[in-house]
Structures are given as C-alpha cells and as structure tokens.
There are 2 protein chains.
Amino acid sequence: MARTVLDRSDVVRALAGVFRKRGFEAGSLSVIQQQTGVGRGSLYHFFPNGKTDMAAAVLQQVSDWFEDRIFTPLRLARNAGEAIEAMSREVAEYFTSRERVCLFAAMTLGEEQDTFADEVRSYFTDWVDALAAALRTGGLPPLEAADRAVDAVAAIQGGLILARAYGDDATFLGIVARTEQRLLAPTQ
Amino acid sequence: MARTVLDRSDVVRALAGVFRKRGFEAGSLSVIQQQTGVGRGSLYHFFPNGKTDMAAAVLQQVSDWFEDRIFTPLRLARNAGEAIEAMSREVAEYFTSRERVCLFAAMTLGEEQDTFADEVRSYFTDWVDALAAALRTGGLPPLEAADRAVDAVAAIQGGLILARAYGDDATFLGIVARTEQRLLAPTQ
DNA sequence: TCAAGTCTGTACCGAACAGTACAGACGGTT
DNA sequence: AACCGTCTGTACTGTTCGGTACAGACTTGA
C-alpha cells in the first residue's frame, strides 16, 4: 500500500500551508489529507498526539526560522541600521510569500489561545527584545528603543491584517517601509 | 415551554461575546446555547440562515458602532486634534472591554475570509479614510495624511495582537498613546 | 533471503457538528 | 375569552470531526 515516502519536515511545511489558508480549527484531517496528499496513517505516525502535535511542530518550525533569520541577526548586529534593513527585507519577503499570515498572531484568537500561550508570548517578546537590542546598539536610549521595538512589531502585524483585508501586498509593503524609517530615525 | 423572551439585539450582543472568545468556527451552537442561554429555536428564529446570518448580524452591529462613534466624528471633525484624541479614547475603551478582539480582523483569517471579504474591506477603508480626512482637516497634505492613517490603524490592530499575546492591556494602551502622538505631530 | 522496523492506506469508532421539525407557551388584540 | 402571530425548548436528522486499529508495503541490515 505504502507509496510515497515523506520526511517529517516536508509534512510540517505542508501543514503550515493548510493552517495558514484555513486556520487551525478548520484545517481538518480530511482537508489536510487531500490538500497535502499525506494520509491519516502517516499523519498519526509523525504526530502521535494528533492536531496538537501538528500545531506545535508548525509553530516550532516558524519559531526556528525567525530565530535564525531575524532575532539572532538583530541581537548580534554590529551595524544596527543594516540589521534593521535586513529585518524589513526578510519579513516582507517571508509574509508576502506565505499568505500574509503570521501563525503566532493567529494563535492569539479562538480556543487554541491557551494551549500555546507560552510559545506565542515568547515569539513576540523575543522579536521585540531582539529589535530593541539592535536599536540600543544603534545608540538609542533603552526606553526609547523598547517603545520603538514594540511599535514596529505591532505595525508589521497590523499591516498583515490590512494586507489580507485589502487583498493586496502594496499596503503592507508601504507600512514595512515606513516602519523601517521610524526605527532608523534619530532621537528627537 | 417558552420562558425568557429576548430581542434580537440582545442575542447579537451575546453572540459577539462568544465569537470574540472562541472564534466563529469554534463558536458552536451548543456553546452559544449554554453560554448565552439562548436556545436553538430562538437562534434559528432570529437567524434563519444559521451561523452565516449570525456572523453577518454581529459584524453589522460592530460596523454600526464604529460608524457612529469613530468614523462619523472623524469625518465631521472641525478640530482634528480633539477628534483624534477622542478616537484614541474610544478605541482603547472599546477593545479593552471586549477581550481585545477586533472581529473584522479575525475575519481576515481562515475560511470565513471570503464570505465577508467586502464587509471587512469596507470596515478598514472606512476607518482609514475617515482618519485621513480628519488629518487633512488638521492641515496635513493628502498623501501624508493617507500614510499616517494607514499606519495608525495598522498599529492599533497590531497592538491588539500583542495585547492578547502578552495577556495585558498596558502594551496596547502604550501603543495607542504613541500612535496618537504620531498622528498629532506636525509635518516635518 | 529473510527478519525487524518504519511508514502508509483504509476501514472504522463515538462524539460533536449545523440545521430541521414541530408542538407548546406566551403577549397583544379584539 | 378566544385567537393569532411571535417566540422558545426539545427531539431528531445526516454529516463531518478527531482519533484508533491494523494489515500490508517498503527499506534496511545481516
């Protein structure tokens, strides 16, 4: 019977796609099965605890990506300006190529809220803290850096909502660009 | 059998609460029934087309509230500064007393995305346009006004995400306050 | 060649789902 | 007091859900 053999990370990637399009609740096993070609058997082989495991794996993968491509570079930045420009570039490309959906933001709604509350909080605090660190490296006083970092992450997340509402990337890209400008602006 | 008699707007209010807490998909009829005390019979009496009607009614009520309390005042403002301060105040109070959830933003996720795409787009464009109008009244050039309006709405919506992620209102209130400052700042 | 372990398709389970049918209860009108 | 339209509780439908069981197919190593 067994035909196509996949490894776990392929399945996680496919799951992420389904969850972005349909949401965690509505991403039913039948939909996953027909959308990804991965059967029930394989799914429960890779994720013995079912949908909770699947959600956890997807979030972990997203978290790893951001840690690697966004947070760590920001923390280790020697040139704050370049690091922030890089963040804008990476974030814009990441979300425009992924249905304009941040799965961690989606996790702040509905019932699943409680299940992954810690992971969600960590994702956002890590982002804000890493960005604030880069801003301090760039010479901003700590409180100003913290405020700007929070505002920037909020602007990006809100930009994703507007992008989905408008069905267009331009608004989101404009928001990201202006957010970058505000981050790089000198203290007044 | 009939015991408690409710009118439609009571039911809509109760529905909004359930949808904010659980989401549209997960807000099942059984949950609605036991959470609101409204039985299946009444529900399908008020909303013959089931959950779609319920969602539409809830969104309409939210839309009416914003039109009345936020959009119209912004459009008719003679003193832009006061209108924007009023918006901040109203928005902060509205969302902090409603689970920090914007139902229109929630509608940009999952399957329901398509069903109410027009209503969602209108909500956000109305908000952005009304705010931009107030900013023009305050003396900002049209393009600058438009950019600031988009950025402000995005910041507020992103602020709600952070508020839910952190489980605290302070971050959201800080974002709203700084957003107001940026809206009121003179052109540079 | 063959045994062990890994992976996959399918049939199945009870539970929960949205929606329907309908009888009975209530409030207003006459 | 009788009536009618509005409202409500309950029993029921077919469907879909997440999850389980398990046999068969494939890979691997000896």
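Source: prediction; values computed, not measured. A note on names: the letters A, B, ... follow the listed sequences, proteins ahead of strands, and every chain is numbered from 1.
- The cationic atom of B/Arg98 (NZ for Lys, CZ for Arg) lies less than 6.0 Å from the six-membered ring centre of B/Tyr94 and within 45° of the ring axis.
- A/Thr137 places no side-chain N or O within 3.5 Å of a backbone atom of A/Arg78 that could act as its donor or acceptor partner.
- Contacts between residues 107-117 of chain B and DNA chain C, defined by a heavy-atom separation under 4.0 Å, are absent.
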- Message: Walk along nucleotides 13-20 of chain C from 5' to 3' and tag each nucleotide B, S or - by protein heavy-atom contact under 4.0 Å, base first, then sugar-phosphate.
- Response: ----SBBB
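- If you check D/dT10, D/dT8, C/dT6 against the side chain of A/His45, the one that comes closest is C/dT6.
- Of the charged side-chain nitrogens involved, none lies within less than 4.0 Å of a carboxylate oxygen, so that A/Asp151 and A/Arg148 do not count as a salt-bridged pair.
- Note: CG (A/Asp53) to C1' (D/dG19) measures 13 Å, nearest angstrom.
- Rounded to an integer number of Å, the gap from CD of B/Gln33 to P of D/dG9 is 8 Å.
- We find that CZ of B/Phe47 is positioned 17 Å from P of D/dT6, with the value rounded to whole Å.
- Atom P of nucleotide D/dC7 and atom CG of B/Asp7 are separated by 9 Å, given to the nearest angstrom.
- Across the protein-nucleic acid pair, A/Gln34 atom CD and D/dT16 atom P stand 11 Å apart, rounded to whole Å.
- One atom, CZ of A/Arg22, and another, P of D/dC17, lie 10 Å apart when rounded to the nearest Å.
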- Message: Checking A/Gln61 against A/Leu15 for the side chain to side chain contact (heavy atoms under 4.5 Å, CB included) test, could you report, in this order, the C-alpha distance in whole Å, the side-chain angles of both residues, the deciding distance, and whether it holds?
- Response: CA-CA 11 Å; A/Gln61 189 201 249; A/Leu15 280 174; over 6 Å; no
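- Looking at every heavy atom in both residues, B/Ala165 comes nearest to A/Arg121 through O-CB, 3.7 Å.
- Shown here are the ring-ring contact (aromatic ring centres under 6.0 Å, His included) partners of A/Phe104, two or more places apart in sequence or in another chain: A/Tyr123.
- Taking the charged nitrogens against the carboxylate oxygens, A/Asp147 and B/Arg178 do have a contact shorter than 4.0 Å, which makes a salt bridge.
- Between B/Glu67 and B/Arg75 there is a salt bridge, since at least one side-chain N of the basic residue sits less than 4.0 Å from a carboxylate O of the acidic one.
- The aromatic rings of B/Phe172 and B/Phe95 stand perpendicular to each other, their planes meeting at an angle above 60°, with 30° marking the opposite boundary.
- Between the CG atom of A/Leu43 and the C1' atom of D/dC17 there is a distance of 14 Å, given to the nearest Å.
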